[in-house]
Amino acid sequence: MGIAFMPKPLFLHRPAGLYVRFRVPADLLGVVGSRFLVRPLKMVKGDHARLVAETMAVALSQAFGSLRKGEGVDLKKALDAARIAGRRDLTLGEVSLPNGVTFRNVQIDTPEDQRQFRELVREATQPAPVAETSPVPVASAPKTIPKKEGLLSHQISVHLGDLERAKREKKTVLGSRHTLRLFVGIVGDKQASALNADDCRLFFDEVAFWPRNASKQVENAGLSVRQIIAKAKTAGGEPQAAHTLSKHRQRLSVFINFLMDNDHFQKSPLKGIAKASKFDAIFEPVAFAQWSAKYPHRFWAPLIGLFSGARITEVCQLYVDDIATEHGVPGFHIRKSKPGQKLKNKSSLRFIPIAQPLLDAGFMAFVEDMKSAGQERLFPHLPNHDGNGFGRQMSRQFSTYIKGRGVSDSGMGFHAFRHTMATRLDRAGVGHGTIARITGHGLSGGVLPKFYIDAPSLPERVMALSKFEAGVALPAYRSGQFSLPAWASNKNKGTA
């Protein structure tokens with residue numbers, strides 16, 4: 001029985017014990033139905049584990065050969081049988097390699113037997129030297145691929161064909177085709193196995209200046225991708241929006257994974273290349289300024305949410321006199337004392353110190369502007385017509401905005417600020433009790449409402465918030481930045 005290749009075992013350490021994983025060859029993916037086969041080693045450790053894994057690899061090689069001949073094989077049973085045999089000993093009746101070398105009646109009992117057998121296989125499969133001066137071949141990829149088939153252009157064609165056969169949406173296929181066409185145009189039509197991180201970085205740097213609808217412009221006819229980008233840079237073109245660049249990266253990542261699955265390389269060239277934070281896309285200065293220009297709740301509510309971990313309703317229902325200084329600390333009162341205000345539970349009643357970045361951004365100047373305008377509510381444009389809270393309209397507006405910025409991941413709405421606050425403070429070593437007093441999560445033992453300001457712990461909360469790193473630059477508020485309509489008096493009205 002011929003062996004096309006010897007699958008390489010990869011050990012996985014799991015709570016249930018040691019497992020071994022084998023990659024399924026690309027030509028058998030449709031038959032097997034999965035990319036990997038994973039089986040337990042059942043209490044085997046050390047050199048014995050490596051011996052058993054090699055036993056399973058040989059059995060799997062033979063099973064793959066049978067599948068290629070159209071013979072039915074239960075791969076899991078074959079692996080389990082090999083594992084059981086490997087725990088005792090291993091006798092290979094006959095193993096034939098593609099170059100015609102055959103091993104018969106091979107007995108493997110110890111790790112040394114294993115090492116010698118692998119060395120024999122390695123020597124038998126090495127090609128004979130052509131001449132004494134021939135250079136030693138260096139493997140650049142796990143498998144040898146004909147030069148033409150290994151080119152990026154060919155692999156992209158195969159990848160797009162796979163997407164179409166998988167019945168992916170036409171928009172998805174067209175988007176991938178566009179991104180990968182630009183990728184080849186920027187890095188060149190090289191061997192896929194030669195791709196590296198610098199190629200990917202070059203692509204991200206250059207594609208940022210690809211002009212909108214560049215392929216449809218008559219003046220670009222006959223120009224290469226690199227020439228069109230150079231022309232745009234010379235003309236002072238603006239870089240593409242963050243969400244557009246995010247889409248390019250996502251499509252390239254899918255293609256890179258395809259190349260890895262087909263053994264062009266084992267480590268992704270994208271690994272180690274930092275990608276933009278979702279918050280970078282949300283608070284990108286130009287886009288955020290345009291979206292928040294008309295209404296103060298659009299400007300301040302996301303910033304307050306980010307630097308307080310407060311719920312969207314808690315932020316949007318704030319009244320001007322909810323902003324106060326307690327024991328020398330300026331902060332927000334989250335409470336139910338005014339019309340339309342609500343609390344989720346008893347733990348929600350709290351006093352949150354105002355983080356320094358909000359103070360630096362001019363938040364107190366905004367509060368004074370609202371007082372001078374005779375406003376009771378901090379965000380008078382937000383309505384509560386149905387009695388379900390002042391946060392509903394803000395939630396819809398914010399969701400629409402971030403989706404337009406390319407942030408559509410599950411859990412990336414306003415509530416993500418709350419999760420981020422809790423997670424990063426925890427990583428910074430802040431105690432869970434202090435985090436709970438900031439975010440309003442439940443505390444074991446409960447907290448009496450009349451003590452919710454909890455003066456003794458205020459310094460801890462101020463210190464904790466100073467440890468929060470949002471990773472984004474906040475816009476600065478200008479006094480009088482927002483004009484208030486005549487109807488925005490002291491009533492729970494709003495049309496924004």
Side-chain angles (χ1 to χ4, degrees), residues 152-153 155-189 192 195-217 220 224-226 228-233 237-261 268-291 302 398-413 416 471-472:
L152 280 174
S153 56
Q155 292 301 318
I156 288 172
S157 177
V158 174
H159 171 58
L160 295 175
D162 286 350
L163 294 180
E164 290 174 342
R165 281 186 289 275
K167 305 298 182 184
R168 297 292 177 86
E169 291 185 9
K170 186 176 181 180
K171 183 178 179 180
T172 299
V173 178
L174 289 175
S176 296
R177 189 184 305 277
H178 171 61
T179 294
L180 297 177
R181 181 178 73 85
L182 296 181
F183 183 67
V184 172
I186 291 171
V187 307
D189 192 12
L195 281 180
N196 55 47
D198 287 338
D199 292 322
C200 297
R201 292 188 179 98
L202 174 64
F203 171 68
F204 295 140
D205 290 343
E206 294 294 298
V207 78
F209 292 92
W210 179 256
R212 186 182 180 88
N213 298 320
S215 301
K216 299 179 181 179
Q217 296 172 7
N220 291 331
S224 68
V225 170
R226 296 292 294 270
I228 293 174
I229 292 173
K231 179 182 171 185
K233 286 182 177 180
E238 290 290 330
Q240 293 187 5
H243 69 277
T244 302
L245 297 178
S246 177
K247 288 180 180 178
H248 282 310
R249 177 168 183 138
Q250 183 180 22
R251 294 165 186 157
L252 179 61
S253 179
V254 173
F255 177 60
I256 294 293
N257 288 337
F258 160 81
L259 293 177
M260 291 179 65
D261 289 345
S268 171
L270 289 173
K271 190 172 183 180
I273 301 179
K275 53 185 177 181
S277 160
K278 300 294 184 183
F279 290 161
D280 289 336
I282 293 173
F283 293 106
E284 193 278 321
V286 175
F288 186 74
Q290 291 175 346
W291 177 72
F398 187 68
S399 294
T400 300
Y401 167 67
I402 65 173
K403 286 179 181 177
R405 299 292 301 146
V407 180
S408 57
D409 297 357
S410 176
M412 271 307 297
V472 295

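No experiment lies behind these values; they were computed from the predicted model shown.
Contact of the N257 side chain with the M260 side chain is registered, since non-hydrogen atoms from C-beta on lie closer than 4.5 Å. The side-chain heavy atoms of S176 and L163, taken from C-beta on, include a pair separated by under 4.5 Å. Counting heavy atoms from C-beta outward, Q250 and T179 have side chains that stay 4.5 Å or more apart.
By the 6.0 Å contact criterion, CZ on R201 is enclosed, its count of non-hydrogen atoms from other residues, nucleotides or ligands being greater than 12.
Between W291 and F288, the two ring planes are tilted [angle within 30° to 60°].
Between I186 atom CD1 and I229 atom CD1 the span is 4.0 Å, to the nearest 0.5 Å. For the atom pair CZ of R251 and NE2 of H159, the computed distance is 11.0 Å after rounding to the nearest 0.5 Å. Atoms CD and CG, from Q155 and L180 in turn, are 11.5 Å apart once rounded to the nearest 0.5 Å. With values rounded to the nearest 0.5 angstrom, L160 atom CG is found 7.0 Å from I156 atom CD1. The distance from atom CZ of F204 to atom CG of L270, rounded to the nearest 0.5 Å, is 5.0 Å. Here R405 contributes atom CZ and F283 contributes atom CZ; the two are 11.5 Å apart, rounded to the nearest 0.5 Å.
The heavy-atom pair separating Q217 from R212 by the smallest distance is NE2-O, 3.2 Å. The minimum heavy-atom distance linking P269 with C200 is given by the pair CB-SG, 3.9 Å. Residues F398 and G413 approach most closely at CE2-C, 4.0 Å, considering heavy atoms. Looking at every heavy atom in both residues, A232 comes nearest to F209 through CB-O, 3.5 Å. Minimum heavy-atom separation, V158 to R165: O-NH2, 4.0 Å. Between D199 and F183, the shortest heavy-atom contact is O-CE1, 4.4 Å.
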Chi angles and distances behind the side chain to side chain contact (heavy atoms under 4.5 Å, CB included) call for V254, F258: CA-CA 6 Å; V254 173; F258 160 81; 5.9 Å; no

Pair V184-V225, side chain to side chain contact (heavy atoms under 4.5 Å, CB included): steps then yes or no: CA-CA 9 Å; V184 172; V225 170; over 6 Å; no

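Applying the side-chain contact (heavy atoms from CB on, under 4.5 Å) test between L182 and each of E206, H248, R226 identifies H248 as the sole match.
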